[in-house]
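Since the structure comes first, as structure tokens, the remarks are kept for the end.
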Protein chains: 2
Amino acid sequence: MKTSANTSERLIESTRELLWERGYVGTSPKAIQQRAGAGQGSMYHHFDGKPALALAAISRTAEEMRAAIDAQFAAPGTAVERISAYLRRERDVLKGCPLGRLTQDPDVMADATLRRPVEETFAWLRTRLTDVLAEGAARGELSGALDPAATASAIVAVLQGGYVLARAANSTTPFTEAVNGALGLLTAQAATQD
Amino acid sequence: MKTSANTSERLIESTRELLWERGYVGTSPKAIQQRAGAGQGSMYHHFDGKPALALAAISRTAEEMRAAIDAQFAAPGTAVERISAYLRRERDVLKGCPLGRLTQDPDVMADATLRRPVEETFAWLRTRLTDVLAEGAARGELSGALDPAATASAIVAVLQGGYVLARAANSTTPFTEAVNGALGLLTAQAATQD
DNA sequence: GTCTATAAGCAGATAGAC
DNA sequence: GTCTATCTGCTTATAGAC
């Protein structure tokens, strides 16, 4: 058995990086090959073409993101504590969300196969966060007046929008501010609970 | 004087549409010419090249957005009412924000000239919203415990992130939910005020 | 599995005629 | 102002040798 990363593996990882940095439309097979140190023929031997390679890359990114979030939410603590930890965990803010950015890519959104992992992951995340919030409401940590699903969507949107603001400003400040603002609102309404 | 739209005008408008639909990297001079009904030579007569045309398009979009938001915030009403009206105004949700999407474009962000209108518009928007929130706090409509700047960033982020979620889901639902969630939090904390 | 050759078409212009 | 010709290099492969 081989211990070093094989060519197929390097191609997938290179594609993941380039999709994150430049998007699908901005990434050429040639750029992938160069980053992976693989030749033209080698790439087309392992994958049918750019869409197939992108699907492998996007699927892996989606899986990793899901696993990371699952671990985060499974940690002990109140709903607000776990959400706070999730929002404040270390991130490469200026690079943005590797999945969220694909949402702006016309060729990804136009291809049902490429689109599916993106769609499913965000749907799953919103559901997962809704559960955490509903749990918090059931325990009396949060106001029952809040709609858990709406609040969950707002929180995920703050994250995704925070990336947008950070990139626009070329600074992590607006991202941090947005997260603080969201948590400020969440704890301010919790103060209503007494 | 001419009354019909001239070629230069049509080129700018076509570029604006394409930047919105496909981004800078995904838009070719040829596509712009075809949409504008202009020839190659015609385009290069009026503009130095793709970056110059994009700058004209992006600048105009930024100006329009700023004027629209200014009008929105100048309307009468409490801080929460004006913010609610802003968040809930009619939008082409699935198309996303024409300026926010450029944030994901590597070639726009790498070019200081193209980047500036995007950066300035979002900086201005956050400041403007911060003023509205500070005003609300001064009037006693909102809790003084909230940081106006952080809350403003969170609200703008909800909007930008709402677009991302809507595109991921291919549905306006998550956008509406996120807006409702944000307004829910804002009014819930206002309930603390008594 | 990897390499080189080949190819139709697009990207992003420049040059000069009209 | 607009048009056609021309150009270099990239895109996204396919074919076949090694």
Side-chain angles (χ1 to χ4, degrees), chain A residues 1-58 102 105-114, chain B residues 1-58 102 104-115:
Chain A
M1 55 177 74
K2 297 164 187 168
T3 53
S4 65
N6 59 27
T7 299
S8 169
E9 190 60 26
R10 289 200 318 275
L11 284 165
I12 294 176
E13 287 302 315
S14 298
T15 303
R16 293 219 299 158
E17 292 172 13
L18 284 164
L19 287 182
W20 198 358
E21 293 167 20
R22 301 197 41 87
Y24 183 81
V25 163
T27 297
S28 68
K30 187 179 186 178
I32 294 169
Q33 291 152 24
Q34 286 176 340
R35 186 167 299 207
Q40 194 101 311
S42 197
M43 186 194 112
Y44 283 102
H45 168 74
H46 290 287
F47 296 94
D48 269 0
K50 183 177 166 180
L53 192 39
L55 179 59
I58 295 172
L102 296 178
D105 215 302
D107 292 1
V108 170
M109 290 297 102
D111 182 327
T113 307
L114 294 180
Chain B
M1 56 179 77
K2 298 164 189 168
T3 52
S4 68
N6 59 27
T7 299
S8 170
E9 189 60 26
R10 289 201 318 277
L11 284 165
I12 294 175
E13 287 302 315
S14 297
T15 304
R16 293 219 297 158
E17 292 172 13
L18 284 163
L19 286 181
W20 198 358
E21 294 168 18
R22 303 197 39 87
Y24 183 81
V25 163
T27 297
S28 67
K30 188 178 187 179
I32 294 169
Q33 293 151 24
Q34 287 177 339
R35 186 167 299 207
Q40 194 103 307
S42 198
M43 187 193 111
Y44 283 102
H45 169 74
H46 290 287
F47 296 93
D48 269 0
K50 183 178 167 181
L53 191 40
L55 179 59
I58 294 172
L102 296 177
Q104 304 299 328
D105 216 303
D107 291 1
V108 170
M109 291 297 102
D111 182 327
T113 306
L114 294 180
R115 179 210 193 81

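A note on names: the letters A, B, ... follow the listed sequences, proteins ahead of strands, and every chain is numbered from 1.
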Worksheet item: Given dC10(D), is OP1 or OP2 found less than 4.0 Å from the side-chain N or O atoms of Lys30(A)?
Response: yes
Worksheet entry | For Arg22(B), all residues meeting salt bridge (charged side-chain N to carboxylate O under 4.0 Å, His left out), sequence neighbours excluded | Asp107(A)
Report each atom pair, protein N/O against N/O of nucleotides 13-17 of chain D, whose distance is under 3.5 angstrom.
residue: dA13(D); atom: O5'; partner: Tyr44(A); partner atom: OH; Å: 2.9
residue: dA13(D); atom: N7; partner: Gln40(A); partner atom: NE2; Å: 3.2
residue: dA13(D); atom: N6; partner: Gln40(A); partner atom: NE2; Å: 2.7

Practice prompt. Could you check how far CD of Gln33(B) sits from P of dT14(C), rounded to whole Å?
Written response: 13 Å
Practice prompt. For Glu13(A), check salt bridge (charged side-chain N to carboxylate O under 4.0 Å, His left out) against everything at least two apart and list the hits.
Written response: Arg16(A), Arg60(A)
Discussion item. To the closest 0.5 Å, what do you measure between CZ (Arg35(A)) and CD (Glu17(A))?
Written reply: 5.0 Å
Fill in: Nucleotide nearest His45(B) when distance is taken to its side chain, options dC10(C), dT2(C), dG1(D)
dG1(D)
Practice prompt. Figure out the CG/C1' separation between Asp107(B) and dG12(C), and round it to whole Å.
Written response: 13 Å
Response to the item:
The nucleotide from dA11(C), dT2(C), dT11(D) with an atom nearest the side chain of Ser28(B) is dA11(C)
Worksheet item: Given Thr27(A), which of Leu53(A), Asp105(A), Leu18(A) fulfils the side-chain contact (heavy atoms from CB on, under 4.5 Å) condition?
Response: Leu18(A)
Fill in: Positions of residues 9-26 of chain B (non-hydrogen atom under 4.0 Å from DNA chain C), listed by number
none
Response to the item:
When rounded to whole Å, the CZ to C1' distance for the pair Phe47(B) and dA13(C) reads 16 Å
Discussion item. How long is the straight-line distance from NZ of Lys30(A) back to CD of Gln40(A), given to the nearest 0.5 Å?
Written reply: 8.5 Å
Worksheet item: What distance separates Phe47(B) CZ from Thr15(B) OG1, expressed to the nearest 0.5 Å?
Response: 7.0 Å
Discussion item. Test: side-chain hydrogen bond (donor to acceptor under 3.5 Å, both in side chains). Region: residues 44-58 of chain A. Which pairs qualify, not counting sequence neighbours?
Written reply: none
Worksheet item: Rounded to the Å, how far apart are Ile32(A) CD1 and dC10(D) P?
Response: 16 Å
Worksheet item: Do any pairs count as a salt bridge (charged side-chain N to carboxylate O under 4.0 Å, His left out) and have a residue in residues 38-47 of chain B, sequence neighbours left out, and if so which ones?
Response: none
